[in-house]
Amino acid sequence: MARRNFVTQALTAGIVGALALALAACSAGSGTGGGGSTGGGDSKIVMGFAQVGAESGWRTANTKSIQAAAKKAGVTLKFSDAQQKQENQIKAIRSYIQQKVDVIAFSPVVETGWDTVLKEAKDAGIPVVLTDRAVDSKDTSLYVTFLGSDFVKEGQKAGDWAVKEFGDKPTNVVEIQGTTGAAPAIDRKAGFAQQIAAKPNIKIIASQTGDFTRAGGKQVMEAFLKSNPKIDLVFAHNDDMGLGAIEAIEAAGKVPGKDIKIVTIDAVKDGMTALSEGKINYIVECSPLLGDQLMDVAKKVLAGKKVEPRIVTVETTFTQEQAKAALPDRKY
Ligand code: GZL
């Protein structure tokens, strides 16, 4: 089956652009290995997807979205779970290159350390799509697009809520960060800090990674409670760590949502349920439902069509009342 010679966006416009389109079209039905359709062909696109892991409710929903979308789009999906280890993701990407897939997509567990393997994919003529998380590569020709949320904005939304909620009151905040080095952890932290910077009464007194897991959130919150007598707010980078913090707060004989308020990011079902019960006070949505957009991008890329270099996910925020109203229709 034909493997598509992917023409990177490094080509300039005009004649070269026309040549690029001609190359993309004539690669249909030629080449070796892999398999793919440029729209006109009838062979199925083969996508290699290197997932971060299964660390949170968000990740599980993201995996389900990608698998369902591939089935719906008639894309053959090769899928791997890296158990949150970068070396496993790199191994998976290399195996997809060996298998000559038509397109590679992945959610980089951390921002750094991807240039070498992305160059190998580029040299093999296989386009790469970043979903969910970004890389810090300076060479943007190494991937076609980054499809995912604006994590700085998510942190800013959480910070804005904290400023509104606490005003000029002396407020001690403890921050439970996501995975060290991950784009969402770096950017959510930055966004939140930006918004509270103008309020010296709102202070982050402790900040530590809970690795985006419920167990991690509980462990970190237990330590925070032992070493900080007055905690007013928990800012957890995802719902799962916020839910772990709730367990620790209740075990310490305090009331989550009242004695210690909690703001989180994701809006997965368990988080929204805790919000509807008043145990979490505010959630910033981060949608995991990227599957359909990913398949659409893959088809466009392999058909030689232009794809925006950055596709930002549309998302909102939830108060307790809004969570109660939204829960019955929540897809994840
Ligand atoms: C965000 C995503 C994060 C979620 C966590 O896009 O990468 O990883 O916020 C997940 O729940 O583990």
Side-chain angles (χ1 to χ4, degrees), residues 49-66 81-86 88-89 105-112 114 129-136 145-159 175-192 209-220 234-246 262-275 280 282-291 293-294 310-318 330-332:
F49 191 90
Q51 182 61 292
V52 166
E55 74 280 1
S56 61
W58 191 99
R59 187 65 53 199
T60 308
N62 179 245
T63 291
K64 282 189 188 139
S65 168
I66 288 158
D81 170 337
Q83 281 105 41
Q84 287 189 283
K85 290 185 176 52
Q86 180 172 30
N88 290 346
Q89 281 193 300
F106 76 116
S107 168
V109 60
V110 292
E111 279 190 341
T112 55
W114 300 101
V129 178
L130 301 182
T131 75
D132 169 31
R133 297 184 186 178
V135 297
D136 70 350
T145 186
F146 165 37
L147 160 61
S149 303
D150 178 338
F151 301 127
V152 172
K153 196 168 277 179
E154 291 173 347
Q156 288 170 335
K157 289 176 184 176
E175 180 181 30
I176 309 180
Q177 295 184 42
T179 303
T180 304
I186 295 167
D187 291 353
R188 286 169 182 171
K189 178 175 182 54
F192 185 87
T209 180
D211 208 18
F212 280 131
T213 67
R214 200 174 291 207
K218 182 178 180 187
Q219 211 174 5
V220 168
V234 178
F235 167 44
H237 288 188
N238 79 335
D239 291 356
D240 285 66
M241 296 189 295
L243 293 163
I246 286 170
I262 301 178
V263 57
T264 69
I265 299 176
D266 274 352
V268 293
K269 196 160 275 181
D270 288 353
M272 293 285 272
T273 303
L275 174 56
I280 289 179
Y282 191 71
I283 298 186
V284 176
E285 185 183 41
C286 173
S287 175
L289 305 181
L290 304 175
Q293 281 178 292
L294 172 58
R310 177 74 175 95
I311 304 168
V312 183
T313 320
V314 178
E315 46 208 28
T316 182
T317 56
F318 293 96
R330 245 9 224 164
K331 292 201 192 90
Y332 57 90

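Just follow the structure's listing: the first ligand is 1, and inside any ligand the first atom is 1. Any value given below was found using the heavy atoms of this structure, including those in side chains, with hydrogens, waters and symmetry copies removed. In this text, all values refer to a predicted model and were calculated from it rather than measured experimentally.
Shown here are the side-chain hydrogen bond (donor to acceptor under 3.5 Å, both in side chains) partners of Glu111, two or more places apart in sequence or in another chain: there are none. Residues meeting the side-chain hydrogen bond (donor to acceptor under 3.5 Å, both in side chains) test with Gln219, sequence neighbours left out: none. Scored by the side-chain hydrogen bond (donor to acceptor under 3.5 Å, both in side chains) test, Gln86 finds no partners at all (sequence neighbours excluded).
Distance CG/Asp150 to CZ/Arg310: 6.5 Å, rounded to 0.5 Å.
Side-chain contact of Gln177 with Asp211: a donor-acceptor pair under 3.5 Å is absent, judged by distance alone.
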Write 'none' if nothing qualifies; otherwise put on separate lines each N/O atom of ligand 1 with a protein N/O atom under 3.5 Å away and their distance to 0.1 Å.
{"residue": "ligand 1", "atom": "6 (O)", "partner": "Asp132", "partner atom": "OD1", "Å": "2.3"}
{"residue": "ligand 1", "atom": "7 (O)", "partner": "Arg59", "partner atom": "NH2", "Å": "3.1"}
{"residue": "ligand 1", "atom": "7 (O)", "partner": "Asp132", "partner atom": "OD1", "Å": "2.9"}
{"residue": "ligand 1", "atom": "7 (O)", "partner": "Asp132", "partner atom": "OD2", "Å": "2.9"}
{"residue": "ligand 1", "atom": "7 (O)", "partner": "Arg133", "partner atom": "NE", "Å": "2.7"}
{"residue": "ligand 1", "atom": "7 (O)", "partner": "Arg133", "partner atom": "NH2", "Å": "3.4"}
{"residue": "ligand 1", "atom": "8 (O)", "partner": "Arg59", "partner atom": "NH2", "Å": "3.1"}
{"residue": "ligand 1", "atom": "8 (O)", "partner": "Arg133", "partner atom": "NH2", "Å": "2.8"}
{"residue": "ligand 1", "atom": "9 (O)", "partner": "Arg188", "partner atom": "NH1", "Å": "2.8"}
{"residue": "ligand 1", "atom": "9 (O)", "partner": "Arg188", "partner atom": "NH2", "Å": "3.2"}
{"residue": "ligand 1", "atom": "9 (O)", "partner": "Asp266", "partner atom": "OD1", "Å": "2.7"}
{"residue": "ligand 1", "atom": "9 (O)", "partner": "Asp266", "partner atom": "OD2", "Å": "3.4"}
{"residue": "ligand 1", "atom": "11 (O)", "partner": "Ser56", "partner atom": "OG", "Å": "3.0"}
{"residue": "ligand 1", "atom": "11 (O)", "partner": "Asn238", "partner atom": "ND2", "Å": "2.9"}
{"residue": "ligand 1", "atom": "11 (O)", "partner": "Asp266", "partner atom": "OD2", "Å": "2.6"}
{"residue": "ligand 1", "atom": "12 (O)", "partner": "Glu55", "partner atom": "OE2", "Å": "2.5"}
{"residue": "ligand 1", "atom": "12 (O)", "partner": "Ser56", "partner atom": "OG", "Å": "2.8"}

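At a threshold of 4.0 Å, the pair Glu154-Lys189 does not count as salt-bridged, since none of the basic side-chain nitrogens sits closer than that to a carboxylate oxygen.
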